[in-house]
2 protein chains.
Amino acid sequence: MKKHYVSAREVAERAGVSRSAVSRALTPGASISADMKARVIAAADELGYEINMLARGLLDDRSMIVSLVSASLGSPFMGMMLPAITERLIAAGYAPLLINIGTAPDIAEESLRQVVSLRSAAVVILSGSPPGTFIEATKRTGIPLIALNRDEPGLNLISADNRAAGRVAYRELAETSARICAVSPARDTFSMRARIEGFLSGAAEAGHAPPRIIRAAPPIADSGRADYAGGLALGPELIGPDGIADGLFCLNDHIAFGVIDAARRSRRAEAGRDFSVIGFDDVPMAAWEGYRLTTFRQDPHVFAEQIMSTIARCVDGEEEDVIDHLIPANLIARESVRHVG
Amino acid sequence: MKKHYVSAREVAERAGVSRSAVSRALTPGASISADMKARVIAAADELGYEINMLARGLLDDRSMIVSLVSASLGSPFMGMMLPAITERLIAAGYAPLLINIGTAPDIAEESLRQVVSLRSAAVVILSGSPPGTFIEATKRTGIPLIALNRDEPGLNLISADNRAAGRVAYRELAETSARICAVSPARDTFSMRARIEGFLSGAAEAGHAPPRIIRAAPPIADSGRADYAGGLALGPELIGPDGIADGLFCLNDHIAFGVIDAARRSRRAEAGRDFSVIGFDDVPMAAWEGYRLTTFRQDPHVFAEQIMSTIARCVDGEEEDVIDHLIPANLIARESVRHVG
DNA sequence: CTGTTAGCGCGTTCAA
DNA sequence: TTGAACGCGCTAACAG
């Protein structure tokens with residue numbers, strides 16, 4: 001109970017071979033006899049040996065750690081992405097490190113230190129805008145940087161096809177609604193802008209006047225319910241007899257939930273009957289009885305898949321050029337959009 | 001652009017001192033003159049030097065990595081815990097590693113390998129039951145193991161006071177309801193059992209007959225909506241004129257949402273008017289207009305706080321004995337419980 | 001107070 | 001094919 005971790009030296013002694021033989025036995029493609037390889041592996045198994053990733057990483061200044069950066073760890077979108085991504089990373093032998101930059105800015109600095117000093121194999125920005133120091137540091141150290149749903153030149157980009165989704169949303173609403181508008185969250189992001197662009201171009205293609213874009217009021221305090229609260233507050237002026245709209249594209253599901261609840265309470269108006277709503281994200285709740293929300297789904301597994309192949313490309317390939325990949329966002333039709341006729 | 005990372009050696013050369021002087025300048029409490037310390041730190045800042053945690057950890061077989069193990073990364077409970085815990089860990093200089101054991105069992109083995117081979121400073125089990133190999137490995141290597149809401153002898157335990165909450169739930173419901181029962185999720189856990197125990201003892205203390213405990217049907221496929229679907233399916237037989245209950249303790253919020261939606265649809269019965277419901281977890285949605293759910297809150301920051309102090313205890317202290325700490329679960333009163341009178 | 005030396009565990013030379 | 005020696009970056013023990 002004194003020495004806790006078993007080292008390659010002990011394996012070598014046990015197997016009666018040199019220490020470098022152990023390295024060779026565990027290195028694919030190293031020149032070693034079948035006999036010796038078997039002996040070493042047997043000894044390693046008996047002792048429960050596992051390579052020390054700290055020492056291994058020290059050699060070529062690269063660990064098997066992939067840092068996941070998020071500004072909104074608790075959001076439903078993260079709740080969908082995190083399981084998919086971590087599963088794939090772990091299966092590929094990577095260790096996912098979680099970086100929470102949602103709160104204080106000094107936290108971001110501290111976590112950047114972690115990322116670099118642990119020699120991350122890659123950094124994936126899942127949400128939010130990391131401080132410039134983050135991008136600068138990864139550039140300087142050569143750590144590959146992958147960003148989701150962002151638009152930063154010079155780094156690897158993976159985004160949902162927000163533009164296309166916006167166009168589909170407009171066309172869908174135009175089938176049954178005349179007074180159409182979009183509702184965006186208080187905080188503007190690249191994704192939101194792209195969705196709006198697509199929405200506007202959908203109107204233009206239909207020969208309609210540009211629809212109004214309404215922005216929710218900034219949240220008072222709790223960000224966990226900001227979007228819902230925004231939709232709830234906007235609902236009354238949007239929906240109903242004297243409301244300004246009967247067809248809504250809410251830029252995320254939570255805004256839609258807020259609008260639906262507000263309409264229900266103040267006007268007794270029901271989505272799918274009195275007006276149409278389309279959301280974005282397909283959070284689990286969108287399928288619930290109380291909402292049955294028609295919404296766009298950005299498949300987390302497709303994102304994860306693309307992240308993995310990008311990491312592989314950056315790590316073993318010597319290619320310097322960055323990728324810019326688009327993931328389809330599919331409309332999940334439920335009952336919050338009125339039927340034709 | 002050839003050498004990516006700056007080492008202590010380079011800092012030493014820049015400052016015109018020995019390499020060990022650099023270590024001393026950065027080690028609190030080392031014996032070094034103020035003049036030299038200033039020179040070293042100046043050089044370090046200029047070059048952007050940061051300690052290589054891989055090399056540092058190699059020395060005493062311990063990294064600053066804390067592994068977070070979860071079987072349900074996407075659950076609302078995790079969505080609340082993760083931000084709180086990672087924020088505290090990072091602020092304290094630790095790097096949170098995410099281990100997803102929710103899916104395939106071979107993934108669990110692979111991630112265990114990561115945890116050990118990266119020399120984690122501690123392992124925190126947030127949810128789910130890790131395979132025995134996990135516990136065995138941490139014991140063997142001496143990595144401190146902290147488990148949330150579990151009951152495993154021999155490791156550090158932090159739990160919400162589920163028993164006390166169960167008793168409060170019964171007493172609260174008994175104020176206005178005569179036919180009281182509890183609804184548990186399909187999958188049984190330590191937390192759920194403790195809540196039920198407290199619920200039953202609450203009934204006993206009131207001199208009432210033991211309330212019925214209903215278990216939701218096991219989910220078909222998608223675990224993300226399992227609890228909601230369970231509540232939804234159970235709703236009709238529970239609530240209403242010919243239902244068996246008018247006071248429900250749902251062992252988590254999502255079950256409560258399902259029951260509420262079911263009652264609304266099939267009986268036009270409203271929680272807080274026609275019957276009472278109490279949930280557990282206080283997920284953000286519990287505060288929404290559509291539910292206004294009275295529920296128990298296990299404060300994530302209190303959990304995080306306790307995790308941090310336990311880690312500190314395990315790391316620098318030499319104490320071998322494990323802790324067993326209880327966190328209060330507070331009732332958040334909203335409108336899903338009928339008023340007295 | 002400072003510089004030199006040793007060694008953590010690993011992969012990879014270089015010689016045999 | 002195999003073993004011995006080296007160096008990755010760091011801290012701690014030792015010597016001055």
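Just so it is clear: chains get the letters A, B, ... in the order the sequence lines come, proteins before strands, and each one is counted from 1.
For B:Glu305, the salt bridge (Lys or Arg N to Asp or Glu O under 4.0 Å) partners are B:Arg88, not counting sequence neighbours. Contacts of A:Asp324 classified as salt bridge (Lys or Arg N to Asp or Glu O under 4.0 Å), with partners at least two apart in sequence or in another chain: none. Taking the salt bridge (Lys or Arg N to Asp or Glu O under 4.0 Å) definition, one finds that B:Arg19 meets it with nothing, sequence neighbours left out. Under the rule for a side chain to side chain donor-acceptor pair (under 3.5 Å), the partners of B:Asn100 that lie at least two apart in sequence or sit in another chain are A:Thr86. Considering only residues two or more places apart in sequence or on other chains, A:Ala91 meets the side chain to side chain contact (heavy atoms under 4.5 Å, CB included) condition with B:Ile107.
Spacing between atom CG of B:Leu58 and atom P of C:dC10 amounts to 9 Å, rounded to whole angstrom units. Counting to the nearest Å, the C1' atom of C:dG7 and the CG atom of A:Leu54 are 15 Å from each other. Summarising the geometry, the separation between CG on B:Asn52 and P on D:dC8 is reported as 12 Å, rounded to the nearest angstrom. The interatomic distance linking A:His4 (NE2) with C:dC8 (P) rounds to 16 Å, in whole Å. We find that CZ of A:Arg9 is positioned 16 Å from P of C:dG11, with the value rounded to whole Å. In this structure, B:Asp61 places its CG atom 9 Å from C1' of C:dG9, rounding to the nearest Å. Following rounding to the nearest Å, A:Met64 (CE) and C:dC10 (C1') show an atom-to-atom distance of 15 Å. Protein atom CG of A:Leu118 is 16 Å distant from nucleotide atom P of D:dG9, rounded to whole Å.
Each of B:Val17 and A:Ala55 lies near DNA chain C, and the nucleotide nearest B:Val17 is the one positioned closer to the 5' end.
If you check the side chains of B:Thr189 and B:Ser191, you find no donor sitting under 3.5 Å from an acceptor.
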Under 4.0 Å protein heavy-atom contact, by nucleotide of nucleotides 11-16 of chain D - B base, S sugar-phosphate only:
BBB---

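Across all strands shown, B:Ser33 has heavy atoms under 4.0 Å from sugar-phosphate atoms exclusively, and none from any base.
Pairs of residues two or more places apart, or lying in two chains, that qualify as side chain to side chain donor-acceptor pair (under 3.5 Å) and include a residue from residues 30-50 of chain A are A:Arg14-A:Glu46.
Five base pairs at each end of the helix from C:dC1-D:dG16 to C:dC14-D:dG3 define two local axes, and these are offset by 50° (rounded to 10°).
For A:Asn156 (side chain) and A:Ile323 (main-chain N/O), a donor-acceptor pair under 3.5 Å exists by modelled atom type.
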N/O donor-acceptor pairs under 3.5 Å from side chains in residues 115-122 of chain B, not counting sequence neighbours:
residue  : atom : partner  : partner atom : Å
B:Ser117 : OG   : B:Arg113 : O            : 3.3
B:Arg119 : NE   : B:Asp61  : OD1          : 3.0
B:Arg119 : NH1  : B:Val116 : O            : 3.0
B:Ser120 : OG   : B:Ser67  : OG           : 2.9
B:Ser120 : OG   : B:Val115 : O            : 2.9

